[in-house]
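This report refers to the structure that appears directly beneath it.
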Amino acid sequence: MDPRFLELLAPFLKFLGDREITPEASLRALGLDSMQAIELLFEIEDTYGVTLPDDDMNDATFATAASLWAVVGRALDAQGVTAA
């Protein structure tokens with residue numbers, strides 16, 4: 001996962017505290033709710049200059065940090081954008 005992604009994600013996780021975001025981290029358990037997921041989606045799209053497919057906007061995508069990053073990574077690849 002890109003360090004920028006982790007920095008972008010952290011403010012949306014109200015129960016994160018001092019813990020590190022791991023790939024397996026449950027975003028819901030860390031406090032991400034549906035309204036924040038929408039805001040996070042916009043932040044990701046603005047930060048990385050990509051559009052995430054509507055078909056990927058579901059609970060499975062927002063389940064863990066790794067599942068969300070996988071969708072972002074595919075969008076970056078599809079649109080020829082680099083993460084760094």
Side-chain angles (χ1 to χ4, degrees):
M1 285 186 287
D2 179 44
R4 263 189 322 171
F5 173 73
L6 298 175
E7 290 174 17
L8 185 137
L9 185 56
F12 292 92
L13 306 175
K14 61 185 169 194
F15 303 132
L16 181 63
D18 293 341
R19 292 176 283 177
E20 183 178 320
I21 301 171
T22 64
E24 304 81 24
S26 167
L27 300 182
R28 298 283 183 220
L30 292 174
L32 184 72
D33 63 32
S34 57
M35 291 302 293
Q36 290 174 315
I38 293 167
E39 292 176 31
L40 176 58
L41 168 65
F42 293 140
E43 286 289 325
I44 289 169
E45 291 181 336
D46 287 346
T47 298
Y48 289 100
V50 296
T51 301
L52 300 181
D54 289 341
D55 290 346
D56 286 330
M57 298 302 103
N58 54 52
D59 287 339
T61 295
F62 288 92
T64 67
S67 61
L68 180 56
W69 177 247
V71 171
V72 173
R74 284 194 303 272
L76 291 169
D77 289 345
Q79 295 175 27
V81 179
T82 58

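Residue numbers start at 1 and run along the sequence shown.
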Any residue meeting side-chain contact (heavy atoms from CB on, under 4.5 Å) with [X], in chain and number order, not counting sequence neighbours:
X	value
Ala65	Met1, Leu9, Ile21, Leu27
Ala66	Pro23, Thr64
Leu41	Glu45, Leu52, Met57

(message) Holding to side-chain hydrogen bond (donor to acceptor under 3.5 Å, both in side chains), I want the full list of residues that pass it with Asp33, two or more places apart in sequence or in another chain.
(response)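 Result, side-chain hydrogen bond (donor to acceptor under 3.5 Å, both in side chains) vs Asp33: none returned.
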(message) Taking salt bridge (Lys or Arg N to Asp or Glu O under 4.0 Å) as the definition, give me every residue that meets it alongside Asp59, ordered by chain and number, with sequence neighbours left out.
(response)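 Expected list: Arg28.
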Over all heavy atoms of both residues, which pair between [X] and [Y] is shortest? Give the atoms and the distance, please.
X	Y	value
Ala29	Phe15	O-CD1, 3.5 Å
Ser67	Ala60	OG-O, 3.1 Å
Arg4	Tyr48	NH2-CE2, 3.1 Å
Ala25	Leu30	CB-CD1, 3.7 Å

(request) Taking the side chain as every heavy atom from C-beta outward, state whether Leu40 and Leu68 have any pair of such atoms under 4.5 Å apart. (result)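 Leu40 reaches Leu68 side chain to side chain.
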(request) Write out all pairs satisfying salt bridge (Lys or Arg N to Asp or Glu O under 4.0 Å) with one or both partners inside residues 10-22, taking only residues at least two apart or from two chains. (result)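 Listed by first then second residue: nothing to list.
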(request) Mind checking the CG-CG spacing from Leu6 to Leu13? Nearest 0.5 Å is all I need. (result)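 It comes to 10.0 Å.
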(request) Just jot down the ring-ring contact (aromatic ring centres under 6.0 Å, His included) partners of Phe5, sequence neighbours excluded, or say none. (result)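 Counting only residues at least two positions away or on another chain, Phe5 forms a ring-ring contact (aromatic ring centres under 6.0 Å, His included) with Trp69.
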